[in-house]
There are 2 protein chains.
Amino acid sequence: MEQLYAELFEAAGVGRRVGETIAGTAGQTQARWQTLWILGSGGTLTVPQVSRRLGVSRQNIQRLADQLQQEGLVALEPNPDHKTSPLLALTTEGRQALERINLAAEASHLEILEQFPASDVAALRALLRRFTAAMRTDPLS
Amino acid sequence: MEQLYAELFEAAGVGRRVGETIAGTAGQTQARWQTLWILGSGGTLTVPQVSRRLGVSRQNIQRLADQLQQEGLVALEPNPDHKTSPLLALTTEGRQALERINLAAEASHLEILEQFPASDVAALRALLRRFTAAMRTDPLS
DNA sequence: GCTAAATCAGCAACGAGTTGTCAAATTGAC
DNA sequence: GTCAATTTGACAACTCGTTGCTGATTTAGC
């Protein structure tokens with residue numbers, strides 16, 4: 001069981017590094033990529049909305065959004081529903097950066113799928129979901 | 001594929017929290033537990049040796065070791081092989097703390113195994129190892 | 001032995017994420 | 001409408017982990 005945890009953390013670590021490298025092809029980081037991704041697929045959202053979708057703290061996304069805005073990848077739009085909580089929207093530049101990252105990600109996925117076929121992906125996903133559910137019912141957690 | 005990554009990170013996150021909670025039963029953290037565990041099973045080691053076994057940076061372990069020493073869970077022993085790199089050894093108090101954590105961990109493992117049987121653990125481990133290997137051969141990483 | 005390369009401790013800086021607090025804005029119950 | 005509860009932005013402090021650098025120590029080639 002300990003080995004399962006060790007291998008889980010190792011896989012997550014390697015995966016994080018792969019993501020960091022992919023994002024790096026467009027001069028971005030894993031965390032910025034995730035934010036761009038959410039905005040690209042979910043339209044315009046406020047900072048708290050993004051943080052809830054990503055399951056991280058509001059302040060963390062606030063900081064990332066400030067950086068992305070300074071770099072010109074994200075623009076603030078007035079929010080008709082909230083006077084002081086603007087909507088985040090991808091700029092043209094931001095959309096292009098996301099596009100570049102997505103291309104690199106696609107290449108990486110195809111590479112990995114050559115050695116780890118789609119059927120294994122499905123099996124691994126199913127086991128991960130069940131393991132996560134089992135951990136969640138542990139009263140200790 | 002994106003979903004596989006999402007589920008992998010989610011599982012690792014939940015696992016980390018479970019470990020944090022287990023370590024918390026003895027007033028420790030996940031990271032401190034890992035260090036205690038290495039020292040408990042590997043005898044006396046230097047800081048760089050621990051960091052290599054855990055796959056983290058030396059400075060990180062240095063800081064943890066300093067804290068554990070201040071709390072009296074770890075003691076520094078002179079290293080016959082190296083004048084300025086002392087060996088870390090568990091104190092009686094440290095061994096007791098590790099024992100308490102291990103008991104809580106064992107209880108958690110049994111709980112989880114009720115819903116996620118040993119055969120699934122083996123299957124998940126095998127898939128994780130193969131997926132990690134596939135990610136590692138990705139030239140992007 | 002002696003010298004070059006690797007390893008080590010200590011320090012600083014940084015990254016990414018967390019929690020906590022406070023005042024302003026929004027929402028909802030009545 | 002009013003007022004309490006929630007949400008939000010801004011700011012600060014903190015954790016845990018990283019990299020980078022420097023000087024001392026050890027190791028290995030010769």
Side-chain angles (χ1 to χ4, degrees), chain A residues 6 9-10 12-24 27-38 44-71 74-88, chain B residues 9-10 12-21 23-24 27-38 44-71 74 76-88 141:
Chain A
F9 294 149
E10 184 176 6
V14 174
R16 216 194 85 264
R17 238 174 303 141
V18 170
E20 208 72 59
T21 306
I22 289 173
Q28 295 302 313
T29 67
Q30 157 105 325
R32 285 196 181 92
W33 174 20
Q34 278 193 314
T35 303
L36 293 175
W37 163 266
I38 290 282
T44 60
L45 296 170
T46 66
V47 164
Q49 283 170 340
V50 173
S51 71
R52 280 192 291 266
R53 293 216 188 167
L54 292 178
V56 299
S57 72
R58 178 174 56 84
Q59 289 84 337
N60 184 19
I61 298 299
Q62 189 78 254
R63 188 166 37 83
L64 288 177
D66 291 347
Q67 295 172 354
L68 288 170
Q69 190 208 346
Q70 274 198 321
E71 296 169 11
V74 155
L76 299 183
E77 293 183 355
N79 182 353
D81 293 337
H82 203 296
K83 209 178 295 181
T84 60
S85 191
L87 291 167
L88 304 175
Chain B
F9 294 149
E10 184 176 5
V14 174
R16 215 194 87 261
R17 237 174 304 139
V18 169
E20 208 72 60
T21 307
Q28 294 301 315
T29 67
Q30 157 104 324
R32 286 197 182 91
W33 174 20
Q34 280 193 312
T35 302
L36 294 175
W37 189 76
I38 290 282
T44 60
L45 296 169
T46 65
V47 165
Q49 282 169 339
V50 173
S51 72
R52 280 192 292 265
R53 293 216 187 168
L54 291 178
V56 299
S57 71
R58 177 178 58 83
Q59 288 84 339
N60 185 17
I61 299 299
Q62 189 78 256
R63 188 164 39 82
L64 288 176
D66 290 348
Q67 294 172 355
L68 288 169
Q69 190 208 347
Q70 274 197 323
E71 295 168 12
V74 155
L76 299 184
E77 293 183 354
N79 182 354
D81 292 337
H82 202 298
K83 210 178 294 182
T84 60
S85 190
L87 291 167
L88 304 175
S141 80

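All values below come from the heavy atoms of this structure, side chains included, with hydrogens, waters and symmetry mates left out. All values derive from a computational prediction rather than experimental measurement.
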Assess whether side chain to side chain contact (heavy atoms under 4.5 Å, CB included) is satisfied between B/Val47 and B/Leu64, documenting all intermediate values.
CA-CA 10 Å; B/Val47 165; B/Leu64 288 176; over 6 Å; no

For a side chain to side chain contact (heavy atoms under 4.5 Å, CB included) check, start with the C-alpha distance between B/Val56 and B/Gln34, then their side-chain angles and the critical distance, and finish with the verdict.
CA-CA 11 Å; B/Val56 299; B/Gln34 280 193 312; 5.9 Å; no

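What you find for B/Gly15 and A/Phe9 is that their closest heavy atoms are C-CZ, 3.9 Å. Listed here is the closest heavy atom pair of A/Ser57 and A/Ser51: O-CB, 3.7 Å. Between B/Thr35 and B/Leu54, the closest heavy-atom pair is OG1-CD1, 4.2 Å. Summarising the geometry of B/Asn79 relative to B/Pro86, their closest heavy-atom pair is CB-CA, 4.1 Å, with the distance given to 0.1 Å.
Across the protein-nucleic acid pair, B/Asp81 atom CG and D/dT27 atom C1' stand 12 Å apart, rounded to whole Å. Whole-Å rounding puts the A/Lys83 NZ to D/dT8 C1' distance at 14 Å.
Interatomic distance, B/Glu77 CD to B/Leu45 CG, rounded to the nearest 0.5 Å: 11.0 Å.
Between A/Ser85 and the phosphate of D/dG9, there is a side-chain N or O to OP1/OP2 separation shorter than 4.0 Å.
Interface limits on DNA chain C: the 5'-most and 3'-most nucleotides within less than 4.0 Å of chain B heavy atoms are C/dC8 to C/dC11.
Helix bend of the helix from C/dG1-D/dC30 to C/dC30-D/dG1: the angle between its two end axes, each built from five pairs, comes to 40° after rounding to 10°.
When each of A/Asp81, A/Leu76, A/Thr46 is paired with A/Leu87, the side-chain contact (heavy atoms from CB on, under 4.5 Å) condition holds for A/Thr46 and for no other.
Between the side chain of B/Glu20 and the main chain of B/Gln30, a donor-acceptor pair closer than 3.5 Å is present.
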Whether each nucleotide of nucleotides 12-23 of chain D has a protein heavy atom under 4.0 Å at its base (B), only at its sugar-phosphate (S) or at neither (-) is summarised, 5' to 3', as ----SBBBB---

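With contacts defined as side-chain heavy-atom distances shorter than 4.5 Å, the pair B/Gln49/B/Leu88 does not qualify.
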